Amino acid sequence: MAVAVGYARRGTTARSAERRLDPERLGDHLDRLYRAAWGLCGSREDAEDLVQETYARVLAKPRLLRSDDDLGYLLRVLRNTYFSSRRAARSRLQPDPLPDGQDGLEDRSLPGPQQALEAREIYALIAALPEAFRDAVVAIDVLGLSYREASRALRVREATITTRLHRARLRLADALEGNDRGTESVMISERS
Amino acid sequence: MIRGHRHRRVSERDLVALADGSLPVSRRAQTERAIAASPELQADVCAQRRALAAVRGVANESAPAGLRAGLTSTRQQPGRRRAPRLAVGAAAAATAAAIAVVLALVSGSAAGPTVAQATVLAIRPAQGPTGAPRGEAAILPRVRAAGLPFPYWADRFGFGAAGVRRDRLDGRLTTTVFYTRAGERIAYTIVSGAPLAAGRATLTTTRAGTRLQSLGVHGRTVVTWLRRGHTCVLSATSVPRVVLLRLAAWRGAGQIPY
């Protein structure tokens, strides 16, 4: 787990327990980090920007980690970047998001329409959770960290993480049920 | 522990761990017994599994190709010197005699985004449609960047405007219009603000009084130039460089401000 992380200071020798974050391996985590960013932002476009900004920050300087969990460290940078960019965005001109259905170019990495719809709904529900609950779901269910790793990355006690995760999942289940009810009523009204 | 004395041997941690499969074997039997005896706990675990299944169901979402390309570009950011590179394709070779070749070394400047970074926007999908012009207009209606209109190429060159997207690049507002013609796609990005550094080796030529630089980025042929001080970036994978140069220099009988 990346317990303490910092810049590699010039002229100092890293302690033996520390190692440098390998920039070449950052691409290995891209998909998972992108999904985590989507869960934080609730929008695919914002998630892209957030991940790009996160990587730009991480790569700006050499980073020292105390263990081998790059992902936990990246989650922390992702969250920090998310909060700071959200603060900055309040005072900045925002491009208007337009419907995804109007996408005009093929991107083979993109999912099919039905899958994209489901993903958009689910990530939007995650993003709409209260912050603490959302962080727990993103860290454990989306990113795949263990409870211990998540508690270290988010700097809260493990018991707190599991409690939050429990409540977050119940809220998500309720929200999903609400969505299903909505879909069902639309289908019924279409049939009648 | 949750929900009073009846379930005091089952914690929330046990429930979340049972739902996601991380509960240790030593706790499993006891937890399952407690759940079997309680409809309330059964509903709890069912709800958690439903939520978890939904999240895991979309866990195969991959990062978009543009983001992956962006990571590569970020990794290759200036800050360290690289050897000069000159990207010259077959089309470039054919017209090489007419082109003044300028070798621009990687600047290493840390100030502002580069043309290579702006090119990444070309891989992203469009966010919305563009309108068609009225009459003989050589510009697209309603789409402007830094006060500059985008050209209408459909009648003259066969490239119809397929969509538009807007982004921020290092705090700069960017607008990209996508043009298509029989399977070929061109992205035209205008980045507002001070000129961007090419960041790579470029070929420079002048057409109709406009200085055009061309380079290769992520397998795309790129032509970049300035319009009223703002950087324009034209890029495509399957369109010859000479075509991009011609499009870049076209002024639509004076309707396209340079």
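So you know, we letter chains A, B, ... as the sequences are listed, proteins then strands, and number each from 1. Note that the coordinates shown come from a computational prediction; the quantities given were computed from them, not determined experimentally.
- For the side-chain contact (heavy atoms from CB on, under 4.5 Å) with Val55(B), the lone residue among Val138(A), Ile140(A), Asp141(A), Leu125(A) that qualifies is Asp141(A).
- For the pair Asp31(A) and Ala63(B), the tightest heavy-atom approach, listed with the atom from each and the gap, is OD1-N, 2.8 Å.
- Contacts between Ile126(A) and chain B at a heavy-atom distance below 4.5 Å involve the side chain alone, from C-beta outward.
- Thr160(A) contributes atom OG1, which lies 10.5 Å from atom CD of Glu12(B) (distance to the nearest 0.5 angstrom).
- When all heavy atoms of Val16(B) and Arg169(A) are compared, the pair lying nearest together is O-NH1, 3.0 Å.
- For Arg32(A), no part sits under 4.5 Å from any heavy atom of chain B, backbone or side chain.
- Nearest approach of Tyr147(A) to Asp20(B), heavy atoms of both residues: OH-OD2, 2.6 Å.
- Here the closest heavy-atom approach between residue Ile122(A) and residue Ala54(B) is recorded as CD1-O, 3.4 Å.
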> Checking side-chain contact (heavy atoms from CB on, under 4.5 Å) for the pair Arg35(A)/Val58(B): CA distance, chi angles, key distance, verdict?
Replying inline: CA-CA 9 Å; Arg35(A) 292 193 288 269; Val58(B) 293; over 6 Å; no
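- The nearest pair of heavy atoms linking Leu170(A) to Gln48(B) is CD2-CG, 4.0 Å.
- At most 12 non-hydrogen atoms from other residues, nucleotides or ligands lie less than 6.0 angstrom from CZ of Arg171(A).
- Contact record, Ala173(A) with Ala51(B): N-CB, 3.9 Å, taken as the closest heavy-atom pair.
- Proximity to chain A involves both the backbone and the side chain of Ala17(B), based on heavy atoms less than 4.5 angstrom apart.
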